[in-house]
Amino acid sequence: MDQAPSNKQVAALLRRIAGILDIQGENRFKVMAYRRAADNIEALPRDLADYWREGRLREIPGIGEALSEKLDELLRTGRMSYLEELEQQVPPGVVEMLEIPEVGPKTARLVWERLGITSIEQLREAAETGRLRQLPGMGAKTEQRILAGIQALTHRSQRIPIGEARPVALALLSGLRASVSSLVKTAVAGSLRRWRETIGDVDLLVAAEDPEPVMEAFTRLPDVAEVILRGSTKTSIRTRDGLQVDLRVVPPERWGTALQYFTGSQAHNIALRERALKRGLSLSEYALKREDGKEILCAEEEEVYAALELPWIPPELRENRGEIEAAEEGRLPRLIEVSDLEGELHAHSTWSDGTATIEEMAEAARARGYRYLVITDHSESLGVTGGLTVERLREQRAEIERLNKRWSDFRLLHGIEVEIRADGTLDYPDEVLAELDCVVASIHTGLRQDREQITARALAAVRNPHVDILGHPSGRLLGRREESAVDLEVVLQTAAETGVAMEINAHPSRLDLDDVHVRRAIELGVPLVINCDAHSPADFDLIEYGVATARRGWAAPEHVLNALPLERLEEWLRRRGSGG
Ligand code: DGT
Ligand code: CA
Ligand code: CA
Ligand code: ZN
């Protein structure tokens, strides 16, 4: 490596070590230690190389003496001899198989040792030709699952979850603003400005009189690993994390048309161009042009829409899903905004798997201007998270009541994230649920059940009068785990009858419900809640991803429960039966 590896690259190396050790059947804790170190390095606010230069590697959680020596070697020489040694023992293609959602270390080792398979491609072929089912514990179903997993993996390498792309894009823009003083305007465009859940490439736009110094500064930003294309108005680079970024520089007087064009979507643009043609105008990234060849320059996006006799359309709606018709008829919704939210209905504390105390979570919520926070720790059967026994749950209630005495402008409510067990029953009996202010019911286990089974589970929760909210209804993890087989249409229709709310989980690896089902929920009259599922105070910042998903689903404040003031929220909860 001719430059210091990014935190993400180092994390990938450590995960490769963990993968090899895992395949070799090494001690579980040793494997976990490498994975945890990888997670911690990835979450560092600054480059690992900075800590190394300052001699502070050991201050990073999970980095002990042995690992700091290996990292020191890597940062000094660009190599890690321990990894090289391990790679002699297990072929790289076998380690790569662990990336497939359905393949664990035992399977990888089995297909390698018994069938001599050493690449994902060979694994695909073996699954397709029915060779895997010869192995112990494997059948036709396993083959199907592995094939679906390989498919999911290929998709993932093409598009990046928005939660990974957005911080990179914003950092590049601020780096650019810091190094060039002559920028008139800057913006993200493309799918990122529309807040699509996954991003193909990042599009950045800058207004400046002279593009040259902007391009020059851009290619020199520290995050840039490779310059793919260097032009006078467009430059494309690849970041150290492998993300492609296109930067375009336009003159300020053409900013409006450029921003409109590069925000897309392509389908929205095509519909808009047709509308322009009907009015004797041609619309391009540069300008609107009249039939006599005269250009109409638009410095602002509003001017482009105004010339086409439309109000400005929020980027989240620009997917050609009826927004142009709605704009024409004055039916655009007043979309929900972060500032409309009055509280959060799904948060964890150290009572289960959160990292902060109830008090710290409450103070963080209050500091954001929230008026209420519902503490919803995990229930008993989710053992890995330290789920609460009924006894602990009652102790927690006392703690919440104690804390509530100190605020007049803020209130903690006592809730639970109750596990919907594999057989569709809930973790607590109804009389325990009835003691709580708010019940979120979620599925975390048995996500691979078939459509009938898992839908029946979700429906059992939606029909339980003590359940208020169905948490992350599809169970997907963007880029990592496909949604479960649950029939969301049936779930939404049933929720419309029983009045249970659907969560829009704001965590950028979930965004669940997704935009399409948000819109369907609204159509059916199902209430929505936008939740961070916060496990730490910092998680409250993720709300913007959830709000964006709601906006992409055309949600207005009146569709969203946590836009209600406390009194009206409590009234809603009381009417539902769990509220005391
Ligand atoms: P992505 O990158 O796949 O996540 O999605 P976008 O929407 O960012 O697409 P991208 O990066 O290919 O192009 C950015 C915007 O530029 C796109 O949303 C609309 C506009 N655009 C690009 N190519 C075309 C085109 O061929 N026709 C039209 N009308 N617009 C285009
Ligand atoms: Ca793009
Ligand atoms: Ca692009
Ligand atoms: Zn949760």
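We use all heavy atoms of the structure for the numbers below, so side chains are in, but hydrogens, waters and symmetry mates are not. Start at 1 and go down the list; that is how both ligands and their atoms are numbered.
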If you take all heavy atoms of [X] and [Y], which pair is closest and at what distance?
| X | Y | value |
| --- | --- | --- |
| Ile543 | Ala506 | CA-CB, 4.1 Å |
| Pro167 | Ile162 | CD-O, 4.2 Å |
| Thr455 | Ala485 | OG1-O, 4.4 Å |
| His378 | Ser352 | N-OG, 3.2 Å |
| Trp195 | Arg552 | O-CD, 3.1 Å |

Quiz item: For the Zn ion (ligand 4), which N, O or S atom of Glu417 is at the shortest distance?
Solution: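 When I compare the N, O and S atoms of Glu417, OE1 is nearest to the Zn ion (ligand 4).
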Exercise. Measuring from the Zn ion (ligand 4), name the closest N, O or S atom belonging to Asp533.
Key: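 For Asp533, the N, O or S atom at the smallest distance from the Zn ion (ligand 4) is OD1.
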Name the closest protein heavy atom to [atom], giving the residue it belongs to and the distance to 0.1 Å.
| atom | result |
| --- | --- |
| atom 17 (C) of ligand 1 | Gly264 CA, 3.9 Å |
| atom 6 (P) of ligand 1 | Ser191 N, 3.7 Å |
| atom 26 (O) of ligand 1 | Gln266 NE2, 3.6 Å |
| atom 12 (O) of ligand 1 | Asp201 OD1, 4.9 Å |
| atom 15 (C) of ligand 1 | Phe262 O, 3.3 Å |
| atom 20 (C) of ligand 1 | Tyr261 O, 3.3 Å |
| atom 3 (O) of ligand 1 | Arg159 NH1, 3.0 Å |

Practice problem: Could you pull out the atom name of the N/O/S atom in Asp203 that is nearest the Ca ion (ligand 2)? | Solution: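 Asp203's closest N, O or S atom to the Ca ion (ligand 2) is named OD2.
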Quiz item: Counting backbone and side chain alike, does His346 bring an N/O/S atom below 2.8 Å of the Zn ion (ligand 4)?
Solution: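 For His346, the answer is yes, given that an N, O or S atom comes within less than 2.8 Å of the Zn ion (ligand 4).
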Practice problem: Return yes when at least one N/O/S atom of His348 is nearer than 2.8 Å to the Zn ion (ligand 4), and no when none is. | Solution: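 It does; at least one qualifying atom falls short of 2.8 Å.
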Quiz item: If you measure only the distance, is there a donor-acceptor pair under 3.5 Å linking the side chains of Thr219 and Arg230?
Solution: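 Judged by distance alone, the side chains do not pair up.
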Quiz prompt | No-hydrogen, no-angle side-chain donor-acceptor test under 3.5 Å, Glu401 and His414 | solution =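 No donor-acceptor contact under 3.5 Å links the two side chains.
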State the [atom1]-[atom2] distance between [X] and [Y], to the nearest 0.5 angstrom.
| X | Y | atom1 | atom2 | result |
| --- | --- | --- | --- | --- |
| Cys438 | Ile469 | SG | CD1 | 4.0 Å |
| Thr235 | Leu229 | OG1 | CG | 7.0 Å |
| Glu503 | Ser442 | CD | OG | 6.5 Å |
| Lys234 | Asp246 | NZ | CG | 4.0 Å |

Heavy-atom contact check, 4.0 Å cutoff: does [X] meet ligand 1?
| X | value |
| --- | --- |
| Thr263 | yes |
| Arg194 | yes |
| Arg196 | no |

Quiz item: Should the proximity of Leu192 to ligand 1, defined as any heavy atom under 4.0 Å, be assigned to the side chain, the backbone, both, or neither?
Solution: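 Neither; nothing of Leu192 gets under 4.0 Å from ligand 1.
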Quiz prompt | Side chain, backbone, both or neither: Asp203 near ligand 1, heavy atoms under 4.0 Å | solution =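 For Asp203, the contact with ligand 1 is made by the side chain alone.
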Quiz item: Can you find a protein heavy atom closer to atom 8 (O) of ligand 1 than 4.0 Å?
Solution: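 Given the 4.0 Å cut-off, atom 8 (O) of ligand 1 counts as touching protein heavy atoms.
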Quiz item: Ser349 pairs by side chain to side chain contact (heavy atoms under 4.5 Å, CB included) with which of Thr357, Ile358, Thr355?
Solution: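 Checked Thr357, Ile358, Thr355 against Ser349; only one passes side chain to side chain contact (heavy atoms under 4.5 Å, CB included): Ile358.
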Quiz item: Hey, is the Ca ion (ligand 2) within less than 3.0 Å of some N/O/S atom on Asp201?
Solution: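 Yes - counting backbone and side chain alike, Asp201 has an N, O or S atom under 3.0 Å.
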Provide the number and element of each atom of ligand 1 under 4.0 Å from a heavy atom of [X].
| X | result |
| --- | --- |
| Gly190 | 8 (O) |
| Ile199 | 4 (O) |
| Gly200 | 1 (P), 2 (O), 3 (O), 4 (O) |
| Arg273 | 29 (N) |
| Asn269 | 19 (C), 20 (C), 29 (N), 30 (N) |

Quiz item: So does Arg220 have more than 12 non-hydrogen atoms from other groups sitting under 6.0 Å from CZ?
Solution: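 Atom CZ in Arg220 is not crowded, with 12 or fewer foreign heavy atoms closer than 6.0 Å.
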Self-check item: Near-ring test His507/His472, centroid separation under 6.0 angstrom
Solution: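 Ring-ring flag for His472/His507: false, centres at least 6.0 Å apart.
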